[in-house]
Amino acid sequence: MNENGADHVRREIENIDPSAVNRVRQEKNAGLKPLENTEGGVVLRFAPNPNGPLSLGHSRGVVINKHYVENHDGKIVLRFDDTDTVVKPPLVEAYDWIIEDFEWLTGSKPDISIKASERMPIYLKYAEKLLSEGYGYVCECSSDEFKKHRMSMVPCPHRNRPVEENLKLWSIMLNGGKEPGDAIIRVKTDMTLPNPALRDWPAWRIQKNIHPVVGDLYNVWPLLDFQSAIEDHEQGVTHIIRGKDLMDSTRKQILLYDHFGWTYPETLYWGRVSIHDQGSFSTSTMREGIDSGVYDGWDDPRLPTLMSMRKRGYHPNAIKSFWTEMGITQKDVAISLDSLNAVNSAKIDPTSRRISVIMDPVEIDITGDVPEKAVLPFHPDNQSLGNRHHSTKTGRVVIERVDLEDEIRLKDFADISNVENNYQIISTKKSDDRKIINWISADSIKDCTLVMPDGVDLVRKGCVVEDTELFVGEVIQMERNGFAKVMEWSDDSRVLHWLHR
RNA sequence: GCUCGUGUAGUGUAGUUCGGUCCAUCAUGACGGACUCUCGAUCCGUCGACCCGGGUUCAAAUCCCGGCACGAGCACCA
């Protein structure tokens, strides 16, 4: 019975259906898994804090949610979670920035766009409902005091206040009669729950800072778990896709939904993403760096904001396929920027014009039968991009100092050889397999600046470039050297920003 | 401490629900080659992985038990 185990079974199967044992090469399932439970329609949401523009990290949420909305004919809600005016105060300009970032990345505006701060009347209504139905209470413990209760599972002395007293204290809080830290609204769950994070979690706190959108209208503000839970219900959100650090948030919110008799949306999670060759930037650290002058602004090339990436020349579709290929696994991943850059290169290479840029120029004289002009294609595989025309009358060319060898080929122009300290033209046709280098006719060189990050610094390197009509905003490929974006292009100033190899 | 989650090639993934079609997919990377007037593009090839230990079974990446590693939550941040 045991002998020839798998082989035995294989033979048995072969007797029944010979084709069943043929090996079929496995294939990879392409694309994201479709959403489940979509019969009632699909409403998704992306909910950033408007304390700055969107970062590369945020873009995962935009891309994945938008992808599902398109595939399930659903709607996407852009919701500004701006209910904290103290720890992560909203930036008034960020609301528009985020909408622009969203539109740049997805090619369209969100179906619905709301600010939590403007929805306060709704949240307040539910806060009152929570209290009057006995599902919440005003807690006057300090956070340290409550922590002890949470850990020891012993209810705090405020837990059993009568509803009337809770409502009375609530109205005092609403009217500014209490100071931040004096009191908080908690959702009554169960102090003996095994997961400490879920025990009587906080829903509202007192904050009296001016809110950039609604001013000084409110003395109390809901916390994420409450505000988000209510708003998801109000918007009819069907699926939530969030980081797995918010798993306990889901569990807290389900407890609240149970109180109200609602059904919680389907929830999917993804793990953390860190970029290898890039430090971790939180929106608040970026903001500090900008305020203190370390960075030039939110679009500084050293910052991982979408603003910066757009400015540097990333194609939105590269970011899109990068995230959809990664999918929504719960694994924490550390990726290299090279992976993104590889996707971006593939997107931009077919349309990027080739331009010769020389960082460390050295001029050489060519003697012999030098043609009067040179014609080089802007793109080796895409003739529709046209040609570059340069005069070579003087017979002088500029090349990269490191390319200075006795036998070289000036790309698309001529083979030259050093004979007794004198470069002579051997042939205009490619005559052997000597090194091919990029060059510029001395008749048409222009000064140029290449801006690139170097560690934490941003350096401006002088260089020369061929005299060609480029337009600002175009991404070019510097021959043999990688991609760059044209930032300025006039007789006064020619500036390129380094993108990637 | 309590709770939750995750472990597949260098990196990122497919497959794990329902064990055999998996001597494990695809991309990127590295290496080699072809082609090309860029170190670009294109094409071909090679390399390389189921966290560990038991168990169940004819058969385990997949099921069970036990470890280990990493991450997260227990904020009056989101």
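These numbers come from a predicted model, not from an experiment. Below, chains carry the letters A, B, ... as their sequence lines are ordered, and counting in each starts from 1.
The side chain of P202(A) lies closest to rC76(B), out of rC76(B), rG73(B), rC37(B). When the nucleotides rC76(B), rG40(B), rC37(B) are ranked by their closest atom to the side chain of Q477(A), rG40(B) comes out on top. The side chain of R501(A) lies closest to rC39(B) when the candidates are rG5(B), rC39(B), rG1(B). For D332(A), counting side-chain heavy atoms from C-beta on, the closest listed nucleotide (rG73(B), rC37(B), rG71(B)) is rG71(B). Looking at the side chain of D245(A), the nearest of the listed nucleotides rG5(B), rU11(B), rA72(B) is rA72(B). When distances run from any side-chain atom of A342(A) to the nucleotides rG5(B), rU28(B), rG12(B), the shortest one goes to rU28(B). For R409(A), the listed nucleotide lying nearest its side chain is rC37(B); candidates were rC37(B), rU3(B), rC77(B). For V333(A), whose side chain is taken as the heavy atoms from C-beta onward, the closest listed nucleotide among rC39(B), rU13(B), rG40(B) is rU13(B). Looking at the side chain of R480(A), the nearest of the listed nucleotides rC39(B), rC4(B), rG40(B) is rC39(B). For A334(A), taking side-chain heavy atoms from C-beta onward, the closest of the listed nucleotides rA78(B), rG12(B), rC76(B) is rG12(B).
Under 4.0 angstrom from either OP1 or OP2 of rU13(B) there lies at least one side-chain N or O belonging to K331(A). Side-chain N/O atoms of R205(A) include one lying less than 4.0 angstrom from OP1 or OP2 on rC77(B). For T83(A) and rA78(B), the shortest distance from a side-chain N or O to OP1 or OP2 is below 4.0 Å. For rU13(B), one of the phosphate oxygens OP1 or OP2 lies less than 4.0 angstrom from a side-chain nitrogen or oxygen of T329(A). When the side-chain nitrogen and oxygen atoms of K33(A) are compared with OP1 and OP2 of rG15(B), one or more of them lie within a distance under 4.0 Å.
Applying the Watson-Crick and G-U wobble criteria (two distances, each under 3.5 Å), rG48(B) pairs with nothing in any strand. Both distances falling under 3.5 Å, in either a Watson-Crick or a G-U wobble arrangement, place rU28(B) opposite rG10(B). Pair check for rC58(B) finds rG20(B); Watson-Crick or G-U wobble, both atom distances under 3.5 Å.
The two residues P90(A) and R287(A) have their closest heavy-atom pair at O-NH2, 4.3 Å. Contact record, L193(A) with T189(A): CD2-OG1, 3.7 Å, taken as the closest heavy-atom pair.
Rounded to a whole angstrom, the distance from the P atom of rA61(B) to that of rC51(B) is 10 Å. Rounded to a whole angstrom, the distance from the P atom of rU6(B) to that of rU16(B) is 15 Å. If you take atom C1' in rC68(B) and the same atom in rG54(B), they sit 14 Å apart, rounded to whole Å. Of the C1' atoms belonging to rA72(B) and rU8(B), the separation is 22 Å, rounded to the nearest Å. Here, rG33(B) and rC70(B) have their C1' atoms 41 Å apart, quoted to the whole Å.
Side-chain atoms of D381(A) and base atoms of rG40(B) include a donor and an acceptor less than 3.5 Å apart. Evaluation of atom-type donor-acceptor distances gives a pair under 3.5 Å for the side chain of K88(A) against the base of rC77(B).
The cationic group of R186(A) lies under 6.0 Å from the six-membered ring centre of F146(A) and within 45° of the ring axis, placing it in a cation-pi geometry.
Looking at heavy-atom distances under 4.0 Å, P380(A) makes contact with a base. Counting non-hydrogen atoms under 4.0 angstrom, L246(A) reaches a base of the nucleic acid.
Ion pair D200(A)/K188(A) not flagged as a salt bridge, since none of the NZ, NE, NH1 or NH2 atoms sits closer than 4.0 Å to an Asp/Glu carboxylate oxygen.
Residues H211(A) and W221(A) place their aromatic rings such that the two centres sit under 6.0 Å apart.
Classification of the H500(A)-Y314(A) ring pair by plane angle, with boundaries at 30° and 60°, yields tilted.
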